[in-house]
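Note that this is a predicted model, so its numbers are computed, not measured.
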Amino acid sequence: QVQVVESGGGLVQPGGSLRLSCATSGRTIDDAAMAWFRQAPAKERTFLAAIRWIGGRTLYADYVEGRFTISRDNAKNTVWLQMDSLKPEDTAVYYCAAGPYMRKSPADYNSWGQGTQVTVSS
């Protein structure tokens, strides 16, 4: 199954931007879609955005659309999440995931990265 590794997290001030990277290897036909989720302490893991490798169709959660942008480079086997206008409530561990379908539920994804911490604070 595909291996997924996130990077790019860090500390950013409110209103700032971060670009998270998700490096993948060993993809199969069961890894047709990639997604970003986040999870704050004592909170559920929530969907942010998803993208298909073929065609690049995207899906966004309502609460991030307009601020977050998901993209991919098939040649680099990499998915990014560009996050703009960050708010303190965006603070969480951000995870990249791979799965056969572009869905919003964590249960629909099979492979997960280790997570990267994003902290939005002044």
| message | Contact between Gln3 and Thr24 at the side-chain level, heavy atoms closer than 4.5 Å - yes or no? | response | no
| message | Any heavy-atom pair between the side chains of Trp80 and Ile70 that's under 4.5 Å? | response | no
| query | More than 12 non-hydrogen atoms from neighbouring residues, nucleotides or ligands closer than 6.0 Å to CD on Gln117, yes or no? | reply | yes
| query | Looking at Arg45 and Pro106, what are the two nearest heavy atoms and their distance? | reply | O-CG, 3.7 Å
| task | Could you tell me which residues satisfy ring pair (Phe, Tyr, Trp, His ring centres under 6.0 Å) with Tyr60, sequence neighbours excluded, listed by chain and number? | result | none
| task | Taking all heavy atoms of Tyr63 and all of Arg38, pick out the closest pair and write down the distance. | result | CD1-NH2, 4.2 Å
| request: Consider only side-chain heavy atoms of I, L, V, M, F, W and Y, link residues closer than 4.5 Å, and tell whether Val118 and Val64 are in one cluster. | output: yes
| query | Between atom CD1 of Ile29 and atom CD1 of Ile54, what is the distance when rounded to the nearest 0.5 Å? | reply | 12.0 Å
| remark: Ala32 and Pro100 have their tightest heavy-atom pair at CB-O, 3.8 Å
| task | Answer yes or no on whether Arg72 is positioned over the face of Trp53, meaning its NZ or CZ is under 6.0 Å from the six-membered ring centre and within 45° of the axis. | result | no
| task | With the side chain counted from C-beta on, respond yes when Gln13 and Ser121 share a heavy-atom pair under 4.5 Å apart, and no when they do not. | result | no
| remark: Sorted by chain and number, sequence neighbours left out, ring pair (Phe, Tyr, Trp, His ring centres under 6.0 Å) with Tyr95 holds for none
| query | Is there a path from Tyr109 to Met34 through hydrophobic residues (I, L, V, M, F, W, Y) whose side chains come within less than 4.5 Å of each other? | reply | no
| said: Between Val5 and Gln114, is there a side-chain heavy-atom distance shorter than 4.5 Å? | reply: yes
| message | I want to know whether Phe37 and Trp112 have ring centres closer than 6.0 Å. | response | yes
| task | Kindly compute the distance separating CZ (Arg67) from CD (Gln82), expressed to the nearest 0.5 Å. | result | 12.0 Å
| remark: Sorted by chain and number, sequence neighbours left out, side-chain hydrogen bond (donor to acceptor under 3.5 Å, both in side chains) with Thr78 holds for none
| request: Check whether any side-chain heavy atom of Leu48 lies under 4.5 Å from a side-chain heavy atom of Leu81, and answer yes or no. | output: yes
| task | Check the pair Ser7, Thr116 against side-chain contact (heavy atoms from CB on, under 4.5 Å), reporting the backbone distance first and the verdict last. | result | CA-CA 6 Å; Ser7 63; Thr116 185; 5.5 Å; no
| task | Output the distance between atom CZ (Arg57) and atom CZ (Arg52), rounded to the nearest 0.5 Å. | result | 5.0 Å
| request: State, to 0.1 Å, how close Asp31 and Ser111 come at their nearest heavy-atom pair, and which atoms those are. | output: OD1-OG, 4.4 Å
| Taking all non-hydrogen atoms of both residues, which atom of Ser21 and which atom of Trp36 are closest, and how far apart? | O-CH2, 3.6 Å
| field | Distance (rounded to the nearest 0.5 Å) between Lys43 NZ and Thr91 OG1 | value | 12.5 Å
| query | Is Phe68 reachable from Val12 through a run of I, L, V, M, F, W or Y residues, each pair having side-chain heavy atoms under 4.5 Å apart? | reply | yes
| task | Hey, could you give me the CE/CG distance between Met83 and Asp90, rounded to the nearest 0.5 Å? | result | 7.0 Å
| note | Heavy-atom closest pair (Ala98 atom, Val4 atom, distance to 0.1 Å) is CB-CG2, 4.3 Å
| request: Check the surroundings of atom OH in Tyr101: do more than 12 heavy atoms from other residues, nucleotides or ligands lie under 6.0 Å from it? | output: no
| Leu18 side chain near Leu86 side chain, heavy-atom distance below 4.5 Å | yes
| request: Answer whether the closest heavy-atom distance between the side chains of Asn77 and Arg27 falls below 4.5 Å. | output: yes
| query | Rounded to the nearest 0.5 Å, how far apart are CD of Gln39 and CD of Glu44? | reply | 8.5 Å
